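Quick notes on the structure that follows.
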Amino acid sequence: MNVLVIGNGGREHAILLALKKSPKVDKLYCMKGNAGTAQIAQNVDVDYMDAQAVKQFALAHPEIDYYVVTPDDPLAIGIVDVLEGIGKRCFGPTKAAAEIEASKAFAKELMKKYNIPTAKSATFDNYGDALEYVRSQGAPIVLKADGLALGKGVLICKTLKEAEEGLKEIMLDRAFGRAGDKIVIEECMRGLKYEPGEEVSVLAFTDGKTIVPMITSCDHKRANDGDEGLNTGGMGTFSPCPFWSRELSEEVLNKIMIPTVNAMNAEGRTFKGCLYFGLMRTPDGMKVVEYNSRFGDPETQVVLPMLKTDLMEIFEAVTDGRLSDIHIEWEEGACVCVVLASGGYPVSYRKGEEITIGDVGDCTVIHAGTAIKNGKLVTNGGRVLGVVARGADVDEARAKAYAAVKNISWNGMHYRTDIGVKYREG
Ligand code: AMP
Ligand code: GLY
């Protein structure tokens, strides 16, 4: 099979690396890709947010058998619907199903209607009403722009003053554009043992009938060590989650995952693809923080290296609705991904810095924001590389990853030194 992956980042590079191991896969393509994906796939220079252009490309390339649509924005505009409409086989949800990520108001309504545990919330499209609600609830409180906002549309407000300013920013100043047409105002959840609350990401394959959770992982969202600094797209991940247990796994499957699949079916929005559950362990049990309609970035970078089963086989089973026939197996041990970012990220940073990569042992260097300029590997984004290592446990994996990081450099390179060190239940 010839397979095309849509997206440009580390997640897409990790998916391509997993697909490359499949005996079923002949040629790989990436739309648009980066310097790393170019090493294993043919990069295709088509704007994947232009549905017409994607359609024209697919019609002109009958040799491509299968499309994997990964990022949130092409899913939200219905690129899967477009491709399926011309008879292409795809991995990824339709526009109607991708709404579970594209609209936080929709996701909260769904959870309310089907009794899926999550933070209490209310949705508003009117500033005055929202302000009144915020004042009635007091702080701490969480404000979320309804639409896609590059992962930045969530404000955790510690004081009422912060909340009032946040509300103004989202609804009046339109800091996130149309994503702020509606706002979800949420109770601030607390963790069972940690402050801020302990979170785990569980990605799951689903064909709309069966749901199979993948191995768990944890993200580090803040820019600096000790969870200081601004929120980012993710500065590193590790797998598995240290506080995970068989009991939690059963609770999540029965109270959250299966009810979500059933709810989407009942709404006529059958979800097929990878459904991402961002969860918090609270004193009242596991609760949904967010859904994503896709693989997480950088969670995928630590989850897929642990997958023993052929990823292409799983993708096809999802497409064909026979996921229940497949037995999915995972490696023992742990995996860590340390993200190397441009200086200044997530605010302003320079592109075009030349990257040097020395000996990385048996680690995998995943490319996120890279390009080739004048024959040289250069930075081309905020998150530039992800160094992925496997080990018998998280400590062994992180030691390997950080040893490799020492041999990578560019002007302004920035990373966290504490990836993998959290939620250690002593
Ligand atoms: P989201 O984009 O919805 O994942 O939110 C980003 C981050 O904000 C989450 O990973 C949590 O750390 C935090 N967060 C979101 N909603 C809540 C909430 N209701 N209570 C506490 N923390 C939250
Ligand atoms: N790592 C969080 C996300 O992919 O949204």
Side-chain angles (χ1 to χ4, degrees), residues 7 9-12 14-15 70-73 75-76 98 100-108 111 117-123 134 137 139-158 163 166 170 176 179 183-192 194-203 214 216-223 227 230-239 241 274-284 286-304 337 339 346 366 368 382-383 386 419 422-423:
R11 167 183 55 198
E12 287 74 16
I15 290 173
T70 328
D72 53 2
D73 41 358
L75 289 168
I100 199 165
E101 173 172 8
S103 166
K104 291 187 192 287
F106 170 79
K108 294 302 289 192
M111 288 185 270
T118 187
K120 181 185 142 200
S121 71
T123 300
V134 161
Q137 297 298 305
I141 195 152
V142 180
L143 308 182
K144 299 185 170 182
D146 172 57
L148 297 176
L150 302 168
K152 298 190 175 81
V154 174
L155 304 179
I156 314 283
C157 305
K158 292 205 178 76
I170 295 175
F176 308 110
I183 190 166
V184 172
I185 303 177
E186 232 177 59
E187 155 210 9
C188 190
M189 293 190 281
R190 292 188 190 288
L192 179 66
Y194 300 89
E195 185 60 44
E198 55 268 35
E199 293 181 68
V200 52
S201 306
V202 191
L203 321 188
M214 301 181 214
T216 57
S217 57
C218 298
D219 193 0
H220 297 254
K221 286 197 171 144
R222 301 289 185 136
D227 283 334
L230 294 171
N231 249 324
T232 71
M235 292 299 290
T237 38
F238 62 105
S239 170
C241 165
C274 173
L275 187 50
Y276 168 127
F277 297 82
L279 306 170
M280 190 178 288
R281 185 179 65 170
T282 78
D284 311 316
M286 297 297 288
K287 292 192 181 175
V288 176
V289 178
E290 63 161 348
Y291 291 117
N292 290 327
S293 59
R294 50 173 177 84
F295 284 95
D297 190 341
E299 284 90 343
T300 305
Q301 288 86 315
V302 290
V303 168
L304 290 185
C337 172
V339 169
I366 300 277
R383 291 185 297 172
I419 301 305
K422 66 174 173 182
Y423 309 147

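In each ligand, atom 1 is the first atom listed, and ligand 1 is the first ligand listed. In what follows, every heavy atom counts, from backbone to side chain, and hydrogens, waters and symmetry copies are set aside. Bear in mind that the values here come from a model prediction, so they are computed numbers and not experimental data.
No side-chain heavy atom of Arg281 sits under 4.5 Å from any side-chain heavy atom of Tyr423.
Contacts between Met189 and ligand 1, counted as non-hydrogen atom pairs separated by less than 4.0 Å, involve both the backbone and the side chain. Of the heavy atoms in Lys221, only side-chain atoms (C-beta onward) come closer than 4.0 Å to ligand 1. At a heavy-atom distance under 4.0 Å, no atom of Arg11 approaches ligand 2. Neither the backbone nor the side chain of Asn231 comes within 4.0 Å of ligand 1, counting heavy atoms alone.
When hydrogens are left out, the protein atom nearest atom 2 (O) of ligand 1 is Val154 CG2, 3.4 Å; that is the closest non-hydrogen contact. When hydrogens are left out, the protein atom nearest atom 12 (O) of ligand 1 is Glu199 OE2, 2.4 Å; that is the closest non-hydrogen contact. Scanning all protein heavy atoms for the shortest distance to atom 8 (O) of ligand 1 gives Ile156 CD1, 3.6 Å. The protein heavy atom nearest to atom 5 (O) of ligand 2 is Arg294 NH2, 2.8 Å.
Using a 4.0 angstrom heavy-atom cutoff, Gly278 does not count as in contact with ligand 1. Under a 4.0 Å heavy-atom criterion, Phe295 is not in contact with ligand 2. At least one heavy atom of Lys144 sits closer than 4.0 Å to an atom of ligand 1.
In this structure, the ring of Tyr291 has its center less than 6.0 angstrom from the ring center of Phe277.
Residues Ser103 and Asp146 have side chains that bring a donor and an acceptor to within less than 3.5 angstrom of each other.
Residue contacts with ligand 2: Lys221 is placed with no nitrogen or oxygen under 3.5 Å of a nitrogen or oxygen of the ligand (distance criterion only).
Compare Asn292, Val289, Ile185, Asp227 by their heavy atoms: the one nearest to atom 15 (C) of ligand 1 is in Val289.
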